[in-house]
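In this chain, residues are counted from 1 in sequence order. From a predicted model like this one, the values you see are computed outputs, not experimental measurements. The figures that follow rest on heavy atoms only: side chains count, while hydrogens, waters and symmetry mates do not. When a ligand or atom number is given, it counts from 1 through the structure's own listing order.
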Amino acid sequence: MNCLFCKIVNGEINSDIVYQDDKVLAFRDVNPQAPTHILIIPKTHISTLNDLEESNASLMGLLPITAQKLAKELGFADDGYRVVMNCNNHGGQTVFHIHLHLLGGRQMAWPPG
Ligand code: DGP
């Protein structure tokens with residue numbers, strides 16, 4: 001499968017990995033939008049939020065759990081942070097392997113652009 005994030009999972013493309021286990025990989029975004037910008041992905045390929053099934057619930061639950069652990073480890077959990085999942089064109093998704101953005105280290109604005 002010609003998927004950029006699968007290639008990162010497989011080590012075919014280098015990334016700045018901050019956490020991984022058998023199910024989840026977290027690595028720094030190449031184009032950070034905050035002082036800390038980490039992408040958290042399932043190691044198995046799921047393209048978009050639209051492709052999720054009930055059977056993915058426990059796997060997907062690991063993404064925000066990983067986000068809060070990293071936010072605590074990196075020291076911005078109490079100040080706060082943002083997690084974002086973009087879906088398809090209107091959501092601004094550009095890489096079609098589902099991912100949770102973890103953004104921290106600055107004041108976020110609302111509404112988002
Ligand atoms: P999204 O627009 O929600 O699909 O986010 C995709 C993110 O992936 C975007 O913030 C930039 C990041 N990205 C794209 N290519 C690479 C890459 O090769 N390495 C890393 N670390 N991040 C990438």
Answer side chain, backbone, both or neither: which part of [X] comes under 4.0 Å from ligand 1, heavy atoms only.
X   : answer
T94 : both
F5  : side chain
Q33 : neither

Sub-3.5 Å N/O-N/O distance, [X] and ligand 1:
X   : result
F27 : no
S15 : no
L4  : no
L39 : no

Return yes when atom [atom1] of [X] has more than 12 non-hydrogen atoms of other residues, nucleotides or ligands closer than 6.0 Å, and no otherwise.
X   : atom1 : result
E12 : CD    : yes
D78 : CG    : no
N14 : CG    : no

Verify the ring-centre separation between H99 and H97: is it less than 6.0 angstrom? no
Pick, from L100, V30, D16, the option with the minimum heavy-atom distance to atom 20 (C) of ligand 1.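 Going through L100, V30, D16 one by one, V30 has the nearest heavy atom to atom 20 (C) of ligand 1.
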Shortest non-hydrogen separation from A71 to L102 and the atoms involved: N-CD2, 4.4 Å
What protein heavy atom is closest to [atom], reported as residue, atom name and distance in Å?
atom                    : value
atom 7 (C) of ligand 1  : D29 OD2, 3.4 Å
atom 5 (O) of ligand 1  : H99 NE2, 3.0 Å
atom 21 (N) of ligand 1 : R28 O, 2.9 Å

Looking only at side chains, do Y19 and D21 share a donor and an acceptor under 3.5 Å apart?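 The answer is yes; a qualifying pair exists.
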Are V18 and F76 connected in the hydrophobic side-chain network, where two residues link if heavy atoms are under 4.5 Å apart? yes
Atoms in ligand 1 flagged as close to H101, the criterion being non-hydrogen separation under 4.0 Å: 1 (P), 3 (O), 5 (O), 10 (O)
Should you measure from each heavy atom of N86, which atoms of ligand 1 turn up under 4.0 Å away?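 Answer, ordered by atom number: 1 (P), 2 (O), 3 (O).
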Report the C-alpha separation of I41 and F27 in whole Å, then their side-chain angles, then the decisive distance to 0.1 Å, and conclude whether the side-chain contact (heavy atoms from CB on, under 4.5 Å) test is met. CA-CA 9 Å; I41 68 171; F27 55 96; 3.9 Å; yes
Beyond-backbone contact of V83 with Q68, side-chain heavy atoms, under 4.5 angstrom: no
